[in-house]
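The structure appears right after this line, and notes come after that.
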Amino acid sequence: MRMFENCKERLNPIVLTAGLIAGVLSAPVQSKELNIYSHRQAFLLNPLLEGFKKQTGTKINIVFASKGLIQRLIAEGPRSPADIILTVDIARLQQYANKGLFTSVSSPTLKANIPAHLRNPNGLWYGLSKRVRVVAVSKDRVGKDEIKRLEDLADPRWKGKICTRKGSHVYNRALLASLVAAHGEATAEKWARGMVANLARKPQGNDRAQAKAISQGICDIAIMNHYYYFQMKKNKNPAQHKWAESIRIVFTNQGDRGNHVNISGIGLAKHSKNKKLAITLMEYLSSKQAQSLYAEVNYEYPANAAVDASREVKILGEFRADQLPIATIAKLAPTAQRIIDRVGW
Amino acid sequence: MFADVLNRRRLARDPVDGWSVTTLILSLLLIGPFAAIVVTATGDSGGLWSHLMATVFPRYVANTLWLMLGVGVLSLLFGIVTAWIVARFTFPGSKILEWTLLLPATVPAYIIAYTYTDLLEYAGPVQVFLRDMFGWSSAHDYWFPEIRSMGGAILVMASVLYPYIYLMARTAFRLTPASYFEVARLNNRNLPFTVDLPLARPAIIAGLALVLMEVLSDFGTVEFFAVETLTLGIFNVWLGMNNLTAAAQIAGMAFIFILALVIIERRARRRQRFNNTSGRATTLPAVRVSGGKAALCIVLCLLPIILGFVIPVGVLLSFVVKGLAITNVDALLSATVNSLTTSLIAALAVMTIATVMILVTHYQKHPVLKALTTISALGYAFPGAILAIGVVFFAGGVDQVAASLGASNGILIGSVGLLILAYVVRFQAVGHGAITSGVNRLSPNIMSASFVLGRSFTSSMAVLAPPLLRKSLMAGGILVFVDVMKELPMTLLLRPFNYETLSTYVYQFAKDELLEESALAALTIIIAGLGPVILINASQRNKI
C-alpha cells in the first residue's frame, strides 16, 4: 500500500482504510501462536486441532487454499509467518520438500507413531492419514468377485460401464502413478487407454458424483476414495444415502501388491519462528487422541498403526495396502500426467 | 494555430509532468504482477511443449475458441437486445426490468454451473418429471441434452456475463443524440443499425472484451462442466507436471492473444470518432409501447433474467428451504462484512485509478503511457490463480525491498492491502472499459474550453470528470463491486490468516461439490450484490 501513497494524494482515504484493516488483522504476534498453511479446508481441520488448543493454550491461525500456497511460501522467503504446512496428497507434500521449503524434524515420537513407508526418510514430512482409492461397483449389477484388480477395469467386457472423475485430478494421477510403479510406463498407458475406452461418459464431477451415477444406472463401476462412501451415508441430504446404498466397496489387488493408498501429511516450514511449538503440534497430530479423530471425523485410516479405523469404516473389513514407498508416487506423478494427456482421460 | 496556442498555454501553466509520472507509476504497479508471470515463463519448460502439442494442446485451443465464440455471440444477443429495448421503449414493467437485467451479474459462474447441473442432470427434477410423465424408465429411453458440455457452458456463462454488455450498451444508447436519428429518419434508414449500434460500438466492444477475457480465464465453470480449455491445461501443467514455467507460458500466450484482439479492434476504428457534441437535453425520449409489442419486449427481457438469476437463485433457495444449508450466523456475518468492505474499497480504487490514467493518456496523448495503460488493463485475461501467483511474486519482491529498508516482516503479503492490490490488478479492465467508453463520448471541446478559461489540467479534470463521467463511473463501479464479491482464486491464495469472504466460505464446501451446505452463503453473495445494483441503477436514471 505504501506504493500507492507515493504516487497519488487523492488515494489517501483508500490507503488509510485498507491500511487500517490490514493493521488490525495483522496485529502483533503473541508468543503462543501457530500459523498453518493448509490444503485441507479449515472446517475439516479445526476439530483435529481443538484438543491441542485446549492442552497448550495455543492460538492457531489458518490459511486454506487449494493451489499456489507453495508459491506464496517461496515469495515470502525468510519473512514467512508459516509454521506448519498440511496437504491432502503426497505429490504436493513432496513438492514442498523438493523446493526446500520444509526443514527436517527428527522426533522420536513421530518416528514411533508414523510407519516408515508413510514418512520421508530425512524427516522432511510425515503422513497423518491414509486415503484408500477403491473401486465402487453397483450392488445390483456387478457380481461379488467380478472385479478383483485395478487392472480388470481395462477389460473390454466393461465397455460403457465405467465412470470416473477427470484423470488429471490429483487422486487419479496418483493412482496411475502407482500402476506405473507396478508395471512400467508402457503397460500403465495401455491400461489407461483400455479403461478410458470403457468409460460410460466423459470424465466429470468428483468422486461422490461417480457413486451418484452408479445409483442412477449411468454406469456400474467407479473409482473413488473410500471416505466418500461414509460421508454420503452421513450426509444431511437423504438422496446421498441412496447413492451410498447403491454401491459396494472393492479393495483391489488383494492377491498381489495391495490397494493404492494416498496420504494427507504435514511438514515443518523452513522459516518457522516457532519450531519447537510447531513440532509439538506435529507430534500431537500423530498421537492416539488426534489420530482417532482423523478416523472418527473424516473416516480416513489413521497413519498411526496403533490406532484403529473408526467403527463405521471397520465394516469394510481388513485390507492389504500397497506398501510402495509413498514418495515414489510423487516422483511418478508427472509421468502419469503425460499418460493422461496421451490417452485423453 | 489555435491548437498551438492552447498547447502552449497548457504546457506553461500545468503540472502535466506530475500527472504523467503518476500514470506511469500506476501502470507499472499494475503491470508488475504480469511481469512476474513473464519472468516465470522465461524459465526452462523441460521440453514439455512437444508433448503438449502432440497431445492436448490443439484440443484445448479449439475448445477455448469455440467457448469464446459461443459465449460472445450469445451474450451480445442478450445484452444488446435488452439494452436497446430498455433504452428505446417504455412499457409496463420496464422500470423494473431495467435493473433486474443487471441481477445475473451478481451470480458467480461456478454457482450457476452447479445449480444447472443439479436441475438438469439425470437425477434432477426436470428429467425425473419427464420420466414420470412419459413413463420412461432409463437413460436409454430418451434423449436429453447433457448439461455438462460445451453447450451447457456457453449457456450458463452467457447468462451471467451478458450484463457487462447490457450495462455499457444501455448507457451508450441512452446518450445517443436525437439529431442523429432525425437525420437517419430523413434518409429513410434503419435506425438501430445505422445509428444505435455504430455509435454504441466502443461501449459494446468494451463489454464484449470483458466477457471474452472472463471466458478465457474461467476455471470453475469449465472444470465443473468438464470442458477442456486452456485454463484447464494451465492447471494440469502447473500442478500435475510441477511445471509452473510451462503453465506461465500458456497463460502468457492467452494474454498475447487478447492483446492482439484489442489492438485489431482499435485499429479498425482508428479513424472513427464517437464524440457527442450536442447537449444532454436532446437525447431521444423512449417510446411508449403497449399490447403485443410490450409483451414481446417483456418476454425478451425476462429470458436472460430467468436463465441467469431466477433459476440459480431458485435452486439455492430450495436447498435452504429443504434445510440442507449450514446456518452459522457468526461466520456468515463476518464473511459478509469482509466481502462488502473489500469490494467497496476495490471498486473505489479501480474507478479512481482508471479515471486518472485514462484522462491523462486521453488528453496528453503520450504513446508510451497510452500503451502501458492499455496493457495494465488486461489482467482479466489471466486465470485468477495464475494472476495470484504473479501478484504474490511481485509482492514478494516489494516485501524484500521493504525488509531491506527495515520492515522486517514485509508489508504486503498476508495483508488485506495485498488483496486490494490484487483486485485492482485483475479488475482494472472493468474500470478501464467503462471510463474509456465514457471519455470517447466526451467532446474534446469541453476540455479545450476549460483550458481557455484558464483552468489547469488538474482543476479541469477535478471539475469536469465527476459530472461528465458519472454514469460511466457508476457503471464500472457496480461491475467491479460485484466482480470482487464473486472473486475466488486470488482471495483464496492471498488472504490473511483466518480471513473468510463469502466466496471463500462457499468454496470450502463447493470444493467437494457440497454446495447445498453453503447455499445460504451463496445466496448472501447474490443478495449483497443486489443493494448496490439497485441503488446505483436508480442514480443512473437521474438526470444531472
Side-chain angles (χ1 to χ4, degrees), chain A residues 1-4 6-8 10-11 14 17-19 21-22 25-26 35 41-43 61-69 71-72 74-77 79 81 92 95 98 166 168 170 173 202-206 208-209 212-213 215-218 236-237 239 333-334 336-338 340-342 344, chain B residues 22 25-26 29 51-52 55-56 122-123 138-139 148 225-226 235-236 239-244 323-324 341 345 348-349 352 356 385 388-389 392-393 395-396 398-400 402-403 408-417 420-421 489 492-499 508 511-513 516-517:
Chain A
M1 293 316 292
R2 208 165 283 175
M3 310 206 51
F4 283 128
N6 295 337
C7 38
K8 199 169 157 310
R10 271 177 61 190
L11 273 176
I14 297 161
T17 328
I21 296 166
L25 284 160
S26 52
N35 297 324
Q41 294 103 308
F43 79 94
N61 305 309
I62 301 173
V63 173
F64 151 70
S66 40
K67 305 180 184 79
L69 282 173
Q71 281 73 26
R72 177 164 168 176
I74 292 173
E76 287 170 337
R79 296 173 302 281
R92 265 177 289 210
Q95 270 206 52
N98 291 346
K166 278 202 68 67
S168 54
V170 62
R173 198 157 51 219
K202 109 181 139 159
Q204 58 185 269
N206 66 353
R208 225 181 276 255
K212 186 180 184 181
S215 85
Q216 292 164 1
I218 295 172
K236 272 207 270 183
N237 186 349
Q337 178 63 44
R338 283 174 186 252
I340 289 159
D341 284 347
R342 285 197 292 266
Chain B
T22 306
I25 293 172
L26 283 174
L29 180 67
H51 162 78
L52 289 176
T55 55
V56 287
Y122 183 80
S138 81
R148 280 182 149 151
F225 281 169
F235 287 115
N236 286 347
L239 302 169
M241 308 212 194
N242 307 333
N243 197 329
L244 183 59
L324 301 176
T341 320
I345 296 172
L348 287 172
T352 313
V356 169
I389 298 299
V392 90
F393 281 157
V398 172
D399 278 358
Q400 199 165 352
S408 58
N409 285 326
I411 48 171
L412 278 177
I413 299 184
S415 73
V416 177
I420 303 290
L421 173 66
L492 203 57
L493 180 60
L494 302 174
R495 61 193 164 144
F497 284 106
N498 311 328
Y499 186 87
Q508 56 178 333
K511 179 177 181 280
D512 291 339
E513 296 194 13
E516 287 97 332
E517 288 164 14

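Chain naming here is simple, since letters A, B, ... match the order of the sequence lines and numbering starts at 1 in each. Keep in mind that what you see is a predicted model, and the values were worked out from it rather than measured.
The nearest pair of heavy atoms linking A:Arg173 to B:Leu239 is NH2-O, 3.5 Å. Nearest heavy atom pair, residue A:Asn35 against residue B:Phe497, reads CB-CZ, 3.2 Å.
For A:Gln95, the part lying under 4.5 angstrom from a heavy atom of chain B is the side chain only. Contacts between A:Lys166 and chain B at a heavy-atom distance below 4.5 Å involve the side chain alone, from C-beta outward. For B:Phe225, the part sitting under 4.5 Å from any heavy atom of chain A is the backbone (N, CA, C, O) and nothing else. Proximity to chain B (any heavy atom under 4.5 Å) is restricted, for A:Ile218, to the side chain, taken from C-beta onward. For a residue to count as touching a neighbouring chain, one of its non-hydrogen atoms must lie under 4.5 Å from one of that chain's; by this rule A:Arg338 touches chain B with backbone and side chain alike. Looking at B:Leu52, only its side chain comes within 4.5 Å of chain A, counting heavy atoms on both sides. There is no contact between A:Ser215 and chain B, counting heavy-atom distances below 4.5 Å.
Interface summary for chain A: among B:Gln400, B:Arg148, B:Glu517, the most heavy-atom pairs under 4.5 angstrom belong to B:Arg148. For chain B, the option among A:Gly77, A:Gly205, A:Ala42 with the highest count of heavy-atom pairs below 4.5 Å is A:Gly205. Residue with the most contacts toward chain B among A:Lys212, A:Arg342, A:Glu76, A:Gln216: A:Gln216 (heavy-atom pairs, distance under 4.5 Å).
A donor-acceptor distance shorter than 3.5 angstrom exists from the side chain of A:Lys202 to the backbone of B:Ala226, with no hydrogens or angles considered. A donor-acceptor pair under 3.5 Å links the side-chain atoms of A:Arg72 to the main chain of B:Leu493, judged by distance alone. Formation of a donor-acceptor pair under 3.5 Å by the A:Arg79 side chain with backbone atoms of B:Ile411 is not found in this model. Side-chain atoms of A:Gln41 come within 3.5 Å of backbone N or O of B:Gln508 as a donor-acceptor pair.
A:Phe64 has its side chain within reach of B:Leu492: a pair of non-hydrogen atoms, C-beta onward, lies under 4.5 Å apart. B:Asn243 has its side chain out of reach of A:Gln337: every pair of non-hydrogen atoms, C-beta onward, lies at least 4.5 Å apart.
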